[in-house]
J.: 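This structure is in structure tokens; I'll ask about it shortly.
Residue numbering restarts at 1 for every chain, and letters A, B, ... go by the order of the sequence lines. FYI, side chains are in, hydrogens and waters are out, and symmetry mates aren't considered; it's all heavy atoms of this structure.
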Amino acid sequence: MSEQALGRVVATERRPNTPHQFHFWTAVTSPVGIGTIVRVDGEHPVDGQLPKIYGAVIEGFSYSDLVSPMHDVLGHDGEPSSAGFAPTERTEIRLYTAAVLRMIPEEPLQPVPMGSVFLADENDVAVALRMDGYLREGARTGIPIGIYHAGGTDAPIYLDADFLVGPEAAHLNITGVSGLATKTSAVEWLLSSLFTHFPEKKGTIAAVAFNVKGPDLCYLDQPGKLEPADEIMYEKLGVPAKPFTNVRYFAAYDAGGYNLNTLRSNEALLHNVQPLTWGLREVLQYAEVLLNKDDVDAKADAVIDFIRDKIAGREFRDERLPKRVYNVGSFAELDEWFRDVLSMLEESNSESYRTHHVATIRKVRNRLTNIALRCAGLVTAEGTVSDLPFGSFEDRGVYVVDVALLEEDAQDLIFTRIVSKLREHLERRNLGVDHVVVFVDELNKYAATEGPETYVRKMLLDIAERGRYLGLVLFGAQQFRSQVHRRVVGNSGTSLFGRMDADELAAPGYAVLSQAIKTKLSTLEKGQLMVRHPHFTQPVFIRFPRPAVMQGRDGAELFPQAAEVALDAAVTRSLRVLDPTISLEWVKQQIALREDEEVIHARNATVLARPRDVKAFFASRLRPLAPVRAETPRQRPAPIKLPAGDDPYGF
Amino acid sequence: MALLQPGPDAASRAALRYIQRLLPGVDAVEAGQLSDPAFPRMDPPQLVAAPMLGGGAMRATRVSGEPEARFAAFLDGTQSVRIVARHGGVPIVLGIVAAGVRERVDRRLVTWTGCAPRVERRLYLPFAYAPALAGESDSAFTVVDTTDASMGELPSRHPTALLESAIKSVRRDRERVESVLAEAWCAARAEPICIDGGIAASARVAASGVAVGVVKTHNTIHADGADLDVVLGLARGERTPPLRIQSGGRAPVSSWYLRLRDNKGHDATWGLVRIEACDTIASDADVDRISGWVLAEAAPLALPDARWDKMSYGVRNSEEFLRAIA
């Protein structure tokens, strides 16, 4: 059956066609809409070749042969209900404007010629979006992002891995109103697709996702509910509809130091949840993140440098100090050192210690020791370190860092340190994988256009600008793209747009979009996206399937957050993951009469070491108690002789 | 309808090239030659009484029953006349005639596929006064001699008389192509068709039970004296009894006047049409039935056409269609 034309190209002197835009009309019943991809078959050969032009509809017009609305009012005596009785409908035109996606031949670049317009089929879509260049057998770098649907056409849309993960371009930014779960769902789906289709020749890939709010990313290893339509899409796009198989969660403790500060604290899910705790050395490397710039002047900076270089993590000798030899490995030990230094200065009536003024030392002490309080749960006083497995990242592994319930300071520290460590390891090529996708939601907050310069923003800018050379890729999401730093969104090779707020669409950054595209964006359904990608000269609308992982809300209902418990129960819960035979009674027995800090220290050491004999290891980390001597019965004192009768002097 | 479209459009330029090939040095005529809006005047206004089909007297009768949209199609023809050049005082006229049937399908008008629309472009020349122009027709243009004996009396050499003679020839050609389409419909279909203008030009159409002509111009009114008052005094939705009309060697038809819209505040013929049908239509029931069909086409309005008071939307649609293709 020959292909049926959908419309005809038209051009007038007032509304001419150009090399980048053309107009066509269709039947009133045609399935053309905003975003539809069409093909124009030229009728006159250019250089011996009949031109084919591919375009995406960006604007639509409809009008009748009426010159004035008044004519219609008169025709129906001002009574709208009588309009339905007219024996003939007025002639109506559907006129569309399409932006050129591609012309073949590409040279000479000419205005779009007159010709018939056809609905693009699957092959046309691939050519129009230049996907044919990266879907060739043997050089395939396509990553399915979703399905383009128009009329009877369902065409898979692919992103180019070279432009999504690097090195040509990189990064992805997704924006849309909150509450539709589109942004998180799209990233979850895209990660699945990326892990499935990432070309073998490009090496290995993993993802680090920061869960910044609610339970969004807390159940990536649990199966989600899919509709039949989703399963069809998974099949068409060649992605297995399964949750991630290799997911590890990291969460800091709460201020008490023994309950994990995450919504994924249900005992059934703790097998892959690991505490995130850092000690003095880890924090000192990024102390600037937590210190106010106004506080840390050059003098304070010098003291911090001195501590970092001479004190922390190494043996320090000073004959003037009471202990003479210090091995500072934790905040507690650092505080002891500070105390001794200040006492020595007081006693010697001196104002400086190794060129550092006493007031500066006091200020730095105050600020540094305060960190342990501000980031309690993340920063441990005793120095236990439980970190992401830098150096042994696994291919297709997902590492979720749950910072949703943490204070802002702790979040900043976590972002900065983890991203810096990822960059360091990728630079040295010893992370364990070749590429890492870092997913950060709420870029409005962390990489805002306005507001103070923060280390998190610096980190995000650094990834956006230099990450692609290292294999460090930022997948960022936010509600208001216009409020995210221009260099972050500008460096995103791929941009996804879910349903948008009208106010946001009024921002100057969206001026390149036609009013019709804006209208469509403001009414997109859940599961629909507009995609911009370096190969696509115009935005494309797609549908993507629900992610095959449990949604946050469902997970929170099915696996409710564990209640905060006392220390003994918390320790039991942590150790039982390593050894299911451990009981609360046993733990109670072990930690009776112990200080909380000692118990937490032993628990942290055990969890970190993951020893074969958990009970023995845990017990060994508790200081031995002084032997208890058996109480010898005291000699009963001689009874007081009481006077007889009521005479007090009657002895 | 006559569309006077002076100006060197593509068809005019092609005609001019053709003429200049025949007659090098012929003067091209700029646009605006036919600037008199009253030109060409086809017939002088006249009153011609016609006999009543069923006897009786002229009277106004309210159309009974609810208007019912029964027309399955609308037929219209157009003509355009352009003076593209002159040879001495002889105007060289390009005439374009077109006709088409628009069929109503699901309340939408589409081109009837039973007989394709006709478009003809011809040059109209008075060979008697410009023998040099009597060249051979070629594939681009057919040349029509407006002074051929079959056209009737030889017009004078007055340029306006020559132009009127050319326009009459164009009108004849338009009626011919309209008749071709009307006859094709009547032969192929059993549903009624609304024809813009009279139906008497073709005997087959005039005899057909499905053809209904709606005449909007009233240069000739078929009533006189008191009857004229009745015709011009018709109120909205009123009609006259059917008349028998036959003129100029044309086929006889049954015809009656019908007021489509209230003419209060307008001239006497505002909203007034004359309907032509097969001459067997004589009973009140049949006349009311057909009148109801015409009344049903009062909406949607044919605006912005100036004749919207009498014109149905289907006819306007046909005209727009022909304007696009001719």
Side-chain angles (χ1 to χ4, degrees), chain A residues 1-2 4-17 23-32 43-44 60-96 113-117, chain B residues 9-10 66-74 76 100-111 191-194 212 236-237 260-262 265-266 271 292-309 311-325:
Chain A
M1 195 178 79
S2 66
Q4 196 168 7
L6 184 79
R8 289 275 312 163
V9 176
V10 285
T12 61
E13 195 171 350
R14 282 191 177 179
R15 191 176 278 185
N17 293 333
H23 314 282
F24 66 96
W25 64 268
T26 69
V28 175
T29 53
S30 82
V32 172
E43 288 159 358
H44 303 287
F61 306 90
S62 163
Y63 50 91
S64 71
D65 53 3
L66 276 171
V67 169
S68 160
M70 182 58 76
H71 296 169
D72 208 40
V73 176
L74 289 173
H76 299 107
D77 290 333
E79 191 53 60
S81 58
S82 72
F85 301 119
T88 310
E89 286 183 2
R90 282 191 177 277
T91 303
E92 183 184 342
I93 182 170
R94 292 287 160 87
L95 183 69
Y96 293 97
M114 302 304 115
S116 298
V117 179
Chain B
D9 58 8
E66 282 296 308
E68 190 183 5
R70 290 290 306 277
F71 289 122
F74 298 83
D76 192 20
V101 175
R102 301 281 281 171
E103 185 178 4
R104 182 154 55 195
V105 179
D106 293 336
R107 298 178 68 217
R108 288 200 182 132
L109 293 167
V110 295
T111 304
E191 304 96 316
I193 183 171
C194 175
V212 175
R236 180 184 179 190
L260 298 178
R261 301 179 195 282
D262 186 359
H266 298 278
W293 300 349
V294 176
L295 282 170
E297 301 299 332
L301 297 185
L303 280 165
D305 196 290
R307 302 157 299 166
W308 66 273
D309 56 314
M311 183 187 266
S312 70
Y313 181 78
V315 170
R316 169 174 155 70
N317 181 279
S318 304
E319 261 190 34
E320 289 297 309
F321 168 72
L322 295 174
R323 197 193 302 273
I325 64 167

J.: Measuring from R90(A):CZ to R316(B):CZ, what's the distance to the nearest 0.5 Å?
T.: 7.5 Å

J.: Tell me, side chain or backbone of D65(A) under 4.5 Å from chain B's heavy atoms, or both, or neither?
T.: both

J.: Which residues satisfy the ring-ring contact (aromatic ring centres under 6.0 Å, His included) test with F74(B), sequence neighbours excluded?
T.: none

J.: So which atom in T88(A) and which in P300(B) form the shortest heavy-atom distance, rounded to 0.1 Å?
T.: O-CD, 3.4 Å

J.: Does the side chain of R104(B) reach to within under 4.5 Å of the side chain of P87(A), using non-hydrogen atoms?
T.: yes

J.: Take N317(B) and T91(A) through the test side-chain hydrogen bond (donor to acceptor under 3.5 Å, both in side chains) and record every step on the way to the result.
T.: CA-CA 8 Å; N317(B) 181 279; T91(A) 303; 2.6 Å; yes

J.: Within the supplied structure, the quantity of interest is the number of heavy atoms (other residues, nucleotides, ligands) at a distance under 6.0 Å from R261(B) CZ; does it exceed 12?
T.: yes

J.: W25(A): which residues meet the ring-ring contact (aromatic ring centres under 6.0 Å, His included) condition with it, sequence neighbours left out?
T.: none

J.: For E66(B), is the CD atom crowded, meaning more than 12 foreign heavy atoms sit under 6.0 Å from it?
T.: no

J.: Please tell me if the side chains of V28(A) and R108(B) come closer than 4.5 Å, counting only heavy atoms from C-beta onward.
T.: yes

J.: Does L303(B) reach the side chain of L66(A), with side-chain heavy atoms less than 4.5 Å apart?
T.: no

J.: E297(B), E68(B), E320(B): which one forms the most heavy-atom pairs within less than 4.5 Å of chain A?
T.: E297(B)

